[in-house]
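Only a predicted model underlies this, so the values are computations on that prediction, with no experimental measurement involved. All heavy atoms count here, side chains included; hydrogens, waters and symmetry mates do not.
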Amino acid sequence: MKKTTLLAYCFLLVTAFSFNSCDTENIDPAVVDNNVNPDPEGGVSTGDYWPMTLNNQWVYKRNGVIQEPMKIIGTETINGNLYYKFDNFAMIQAEIEEGEEAAESIVHVRKNNGNYYTRSVMVAEVPEFGIPNFEMPAPVPFEYIILKDYAAVGQTWSEQISQNIDIVLPEGLPIAELHLVSTVRAQTMIVGKDIAISVNNVNYTDVIKVRVVYTGTVTGLPAGFPTPPPVVVTNYCWFAKNHGPIKMQTEAVPQMSQEYNSELISHVIN
């Protein structure tokens, strides 16, 4: 099995559907609408719900199988902001079978007051989709707020990123070019606060439960082409004060029939 973040997964699914009946000669992608931070300063933090120190690590059991540690392996300054780089980022993953198109992401996390940001850059293997010379659009960073620890229960926010995908079709077809827009949107809500929960026989208090709904769409197909249905994936995460993410759940969808449940079995906080 190959692991892929949900953001990359959404992009692959909607792109694959769009190109199911096309032949292409080249692709010229460009970012058309990067996400705009809806709360650049962040509210006053109510505690540390995801401790960020080099060599911190979290080990999860995912659908009964122990995973490689999700570990902070370094720091990097990007656009003036300090990020923590993660290895084996475990929070928003799906799996696809060996031999299928695969994509993974380089993930960084940063905090600003009570805002917790993830920054994901998709790195994709070039999928064929049955199309000669198809190339995956260039990697584009998508940063969004996965947690606002000061936000009230029920508060929501959303961010999105879009890419132009311009395709030159072979000669002899009724249409010479396709101009598509692929979009991934993350809509987040605080589901609960001050929760007490037991995970692998460990009791945690002061837990925040978050829901993130990822929606992937492709628009711009001309008349006569099938409209790809949106790919919608719902992810839940429980953040415990001074511990970080202790539990994650991804709901099954038609494009990904298996539900994924990850629970913390051990962690090291430096």
Identify, with sequence neighbours excluded, every residue that meets ring-ring contact (aromatic ring centres under 6.0 Å, His included) alongside Y83.
none

With rounding to the nearest 0.5 angstrom, report the CG to CG distance, N115 to L147.
8.5 Å

To the nearest 0.5 Å, what is the distance between OH on Y144 and CD on Q160?
14.0 Å

Ignoring hydrogens, what is the shortest heavy-atom contact between I190 and A152? Give both atom names and the distance.
CB-O, 3.5 Å

V107 and S120 have their tightest heavy-atom pair at CG2-OG, 4.3 Å

Are any side-chain N or O atoms of Q67 and backbone N or O atoms of V65, one a donor and one an acceptor, separated by less than 3.5 Å?
yes

Lys/Arg cation over aromatic Y236: K209, 6.0 Å, 45° cone:
yes

Min side-chain heavy-atom separation P245-M70 under 4.5 Å
yes

Using a strict threshold of under 4.0 Å (side-chain N to carboxylate O), is an ion pair present between K241 and D149?
no

Can you confirm whether L82 sits close enough to R110 that some side-chain heavy atom of one is under 4.5 Å from a side-chain heavy atom of the other?
no

Is it true that I265 and I269 fall in one hydrophobic cluster, defined by side-chain heavy atoms closer than 4.5 Å?
no

I'd like to know whether D48 forms a side-chain contact (heavy atoms from CB on, under 4.5 Å) with K111, so could you lay out the CA-CA distance, the side-chain angles of the two residues, the decisive distance to 0.1 Å, and finally the verdict.
CA-CA 10 Å; D48 193 353; K111 293 192 290 188; 2.6 Å; yes

D206 and Y49: side chain donor to acceptor below 3.5 Å
yes

Single-linkage hydrophobic cluster, 4.5 Å side-chain cutoff, W58 and I197 together:
yes

Option among F86, W238, Y117 that satisfies the ring-ring contact (aromatic ring centres under 6.0 Å, His included) test with W50
F86

For the residue pair E263 / N261, report whether a side-chain donor-acceptor contact shorter than 3.5 Å exists.
no

Roughly how far, to the nearest 0.5 Å, is the OG atom of S158 from the CD1 atom of I145?
10.5 Å

Heavy-atom closest pair (T118 atom, F89 atom, distance to 0.1 Å) is CG2-CZ, 4.2 Å

Work out which heavy atom in V44 is nearest to a heavy atom in Y150; give both atom names and the distance.
O-CB, 3.2 Å

Set out, in order, the CA-CA distance, both residues' side-chain angles and the distance that settles side-chain contact (heavy atoms from CB on, under 4.5 Å) for L264 and Y204, then state yes or no.
CA-CA 11 Å; L264 186 69; Y204 297 92; 3.6 Å; yes

Once rounded to the nearest 0.5 Å, what's the spacing between atom CD of Q249 and atom CD of E251?
6.5 Å

Spatial distance of atom CG (N203) from atom OG (S198) [nearest 0.5 Å]:
4.5 Å

For E143 and E159, work out which heavy atoms get closest and say how close.
O-OE2, 4.1 Å

In terms of heavy-atom contacts, does CG of N270 have more than 12 from other residues, nucleotides or ligands at under 6.0 Å?
yes

Taking N88 for its side chain and P69 for its backbone only, find out whether a donor-acceptor pair lies under 3.5 Å.
yes

Drop me the distance from R119's CZ to N79's CG, to the nearest 0.5 angstrom.
6.5 Å

For the residue pair T188 and K148, establish whether any side-chain heavy-atom pair is separated by less than 4.5 Å.
no

Check whether any side-chain heavy atom of N235 lies under 4.5 Å from a side-chain heavy atom of V210, and answer yes or no.
no

Tell me whether the count of non-hydrogen atoms from other residues, nucleotides or ligands lying under 6.0 Å of NZ in K193 goes above 12.
yes

Note, T250 side chain near V233 side chain (heavy atom, < 4.5 Å):
yes

Report whether W157 and F239 are members of the same hydrophobic cluster (ILVMFWY, side-chain heavy atoms less than 4.5 Å apart, transitive linking).
yes

So, does N63 use its side chain to make a donor-acceptor pair with the main chain of E259 at under 3.5 Å?
yes

What closest approach, in Å, do L54 and G74 show between heavy atoms, and which atom pair accounts for it?
CD1-N, 3.3 Å

May I ask you to test the T234-R211 pair for a side-chain heavy-atom distance under 4.5 Å?
yes

Single-linkage hydrophobic cluster V59~V199, side-chain heavy atoms < 4.5 angstrom
no

